[in-house]
2 protein chains.
Amino acid sequence: MATFKKRQSKQTPCQQCPLRALDHFRDFTPEELEFVSHFKMGELAVDAGATILSEGANSAHLFTVLSGWGFRYKMLDDGRRQILNYMMPGDLIGLQGTLMHEMQHSVEALSPVTLCVFERDKLHKLFANHPGLGYDMTWIAAQEERILDENLLSLGRRSALERAAYLLAFLYRRAEATSLFEGQRVSLPITQQHIADTLGLSIVHTNRTLRKLADRKLIRWAERGCDILDDKGLAQIAGWSGIQEIERPFV
Amino acid sequence: MATFKKRQSKQTPCQQCPLRALDHFRDFTPEELEFVSHFKMGELAVDAGATILSEGANSAHLFTVLSGWGFRYKMLDDGRRQILNYMMPGDLIGLQGTLMHEMQHSVEALSPVTLCVFERDKLHKLFANHPGLGYDMTWIAAQEERILDENLLSLGRRSALERAAYLLAFLYRRAEATSLFEGQRVSLPITQQHIADTLGLSIVHTNRTLRKLADRKLIRWAERGCDILDDKGLAQIAGWSGIQEIERPFV
DNA sequence: CGGGCAATTGAAGGGAATCAAGGCCGGTGG
DNA sequence: CCACCGGCCTTGATTCCCTTCAATTGCCCG
């Protein structure tokens with residue numbers, strides 16, 4: 001089971017949610033805000049490296065990331081790991097586990113993470129009383145689907161260099177959109193092992209591929225993370241046009 | 001734009017939907033059935049090979065497959081193609097395009113396909129008046145997400161043989177669940193090029209990989225399609241435990 | 001009967017995995 | 001204070017899975 005380390009409980013009222021201030025997220029109606037603030041049971045804070053949800057568990061909770069980064073992954077019996085996507089502030093976690101019988105992937109914290117915890121039993125009430133929010137849930141699921149589509153294209157048809165370029169450009173743009181500190185350089189808090197497990201490559205070859213990108217001055221590998229110097233250059237290598245979105249979160 | 005060939009319009013009333021009879025799909029309440037039968041504008045029949053939806057289009061429709069097979073795919077500028085998933089009877093098509101601004105993938109018919117066409121403008125009414133159906137929409141999107149997750153695991157971490165075995169077992173089980181003719185041998189109406197584009201392999205290597213499976217008597221390549229002889233054997237090679245589902249469709 | 005598509009097979013080359021080893025750095029304990 | 005250790009990054013050498021190039025067959029169709 002998950003190894004939590006609770007550090008605190010309910011803290012940030014939804015009315016003062018810092019994410020809400022970002023252009024990136026849509027505003028609630030007063031009624032929705034009222035509902036959501038009751039939907040939220042509390043907050044959960046976990047350390048970097050902690051398992052937030054694990055494959056096979058059936059008592060899944062529903063969360064939204066309030067701060068920090070995490071990632072979703074699946075594993076084969078012999079230990080091979082595939083990272084499916086990364087979770088950043090505003091992302092919903094555990095929807096699959098809530099709707100289906102059990103989780104079919106795990107979620108791990110990449111940095112210290114704060115989560116808003118929701119009552120899964122009230123989910124039906126959400127659909128019944130706030131169709132706009134129900135619509136949002138579907139929207140969020142469809143958005144995740146899109147990301148996975150692009151990821152599949154990457155793994156199936158892009159070369160190692162293109163794959164790496166796509167991933168880094170993608171992460172950079174998302175990180176930028178959810179950053180609370182505008183203008184600040186965004187640094188990705190991941191190791192090369194994470195990148196390798198995302199791209200479906202070995203760590204050795206990932207390292208060599210990243211070196212090529214660094215040689216071209218597109219990225220720079222900093223201590224325990226990666227700085228993106230030229231996201232447009234990366235997107236161009238990958239043949240990727242970018243995401244267009246006006247997201248709608250939850251919290 | 002899409003190259004349709006309409007062969008007929010509204011034909012099968014939702015009340016007599018043949019898919020509804022399958023255990024695999026959940027039943028509607030009378031109110032839901034009533035709503036859906038108005039939600040459905042008509043039917044569209046296209047030939048094998050026709051493009052049902054194409055990437056970049058923004059006037060997307062919303063469809064459910066009534067009969068036949070299709071597939072979703074994305075392409076890179078230079079023509080490399082990645083098949084994302086296959087669409088079978090009961091599957092919803094175009095949800096992403098309906099919720100977002102435009103389609104980011106294309107859909108093509110693999111066999112002659114009949115589609116139920118829905119009014120996208122009534123989608124809000126669906127969420128507002130039939131929360132159960134709204135819930136289903138989210139469920140469907142989450143289910144697709146799961147499939148993509150497993151696919152991503154395949155492309156990233158499984159060997160060519162494992163990948164092929166997984167794909168064939170997966171398609172077989174889905175085909176079986178949506179087949180109207182029980183007991184009949186299910187034959188997959190796809191070419192090796194489709195398989196190659198799904199697995200992210202070249203067609204030559206796909207051919208050699210399928211040969212290995214055929215040599216082990218797990219499959220047999222028939223004229224213009226593939227017969228599955230031992231889906232459990234395939235699943236075992238792939239290290240795949242199967243899908244558990246009680247689906248909920250639409251029509 | 002020519003032509004095109006799908007499947008098939010051989011041969012050669014390359015991209016990525018694997019094996020192996022070394023450097024850097026922060027943490028820990030004697 | 002410094003030796004030891006483990007995690008992460010890096011690099012060289014070798015192997016092999018898969019791609020690419022090329023050519024043949026069989027079949028359906030106009």
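Each chain gets a letter, A, B and so on, in the order its sequence line appears, and its residues count up from 1. If you're wondering where the values come from, they're calculated on a predicted model, not measured in any experiment.
- Across the protein-nucleic acid pair, A:H205 atom NE2 and C:dC19 atom P stand 16 Å apart, rounded to whole Å.
- Between the CD atom of B:Q193 and the C1' atom of C:dT8 there is a distance of 14 Å, given to the nearest Å.
- Under the 4.5 Å side-chain criterion, counting only non-hydrogen atoms from C-beta, A:L115 is not in contact with A:T64.
- OP1 and OP2 of C:dA7 both lie 4.0 Å or more from every side-chain N or O belonging to B:N207.
- Of the residues near DNA chain D, A:I190 and B:S159, the one whose nearest nucleotide (by heavy atom distance) lies more toward the 5' end is A:I190.
- To the nearest angstrom, C1' of C:dA17 lies 13 Å from CZ of A:R80.
- Residues passing the ring-ring contact (aromatic ring centres under 6.0 Å, His included) test with A:Y166, sequence neighbours excluded: A:F170, A:W240.
- OP1 or OP2 of C:dT8 has at least one side-chain nitrogen or oxygen of B:Q192 nearer than 4.0 Å.
- Rounding to whole angstrom units, CZ of residue A:R220 and P of D:dC9 are separated by 16 Å.
- Across C:dA17, D:dT19, D:dT10, the shortest atom-to-atom separation from the side chain of B:L201 is found for D:dT19.
- Proximity of A:R216 to A:I237: side-chain heavy atoms (C-beta onward) are separated by under 4.5 Å at one or more points.
- Note on B:T191: only backbone sugar-phosphate atoms sit closer than 4.0 angstrom, heavy atoms only; bases stay farther off.
- Residue A:W221 places its side chain closer to D:dC9 than to any other of D:dT11, C:dT9, D:dC9.
- Spacing between atom CG of A:L155 and atom P of D:dC18 amounts to 15 Å, rounded to whole angstrom units.
- Closest to the side chain of B:V204, from the set D:dT20, C:dT8, C:dT18, is D:dT20.
- Taking only distance into account, the side chain of A:R208 never meets the base of C:dG15 through a donor-acceptor pair shorter than 3.5 Å.
- None of B:R163, B:R158, B:R157, B:R173 except one satisfies the salt bridge (charged side-chain N to carboxylate O under 4.0 Å, His left out) rule with B:E150; the exception is B:R158.
- Taking atom CG of A:D227 as the reference point, atom P of D:dC9 lies 13 Å away to the nearest angstrom.
- If you take CZ of B:R158 and P of D:dC17, they are 19 Å apart, rounded to a whole angstrom.
- Using a 4.0 Å cut-off between charged side-chain N and carboxylate O, A:R174 and A:D91 make a salt bridge.
- A straight line from CD1 of B:I203 to P of D:dA22 spans 17 Å, rounded to a whole angstrom.
- A:G200 comes within 4.0 angstrom of the backbone, heavy atoms only, and of no base.
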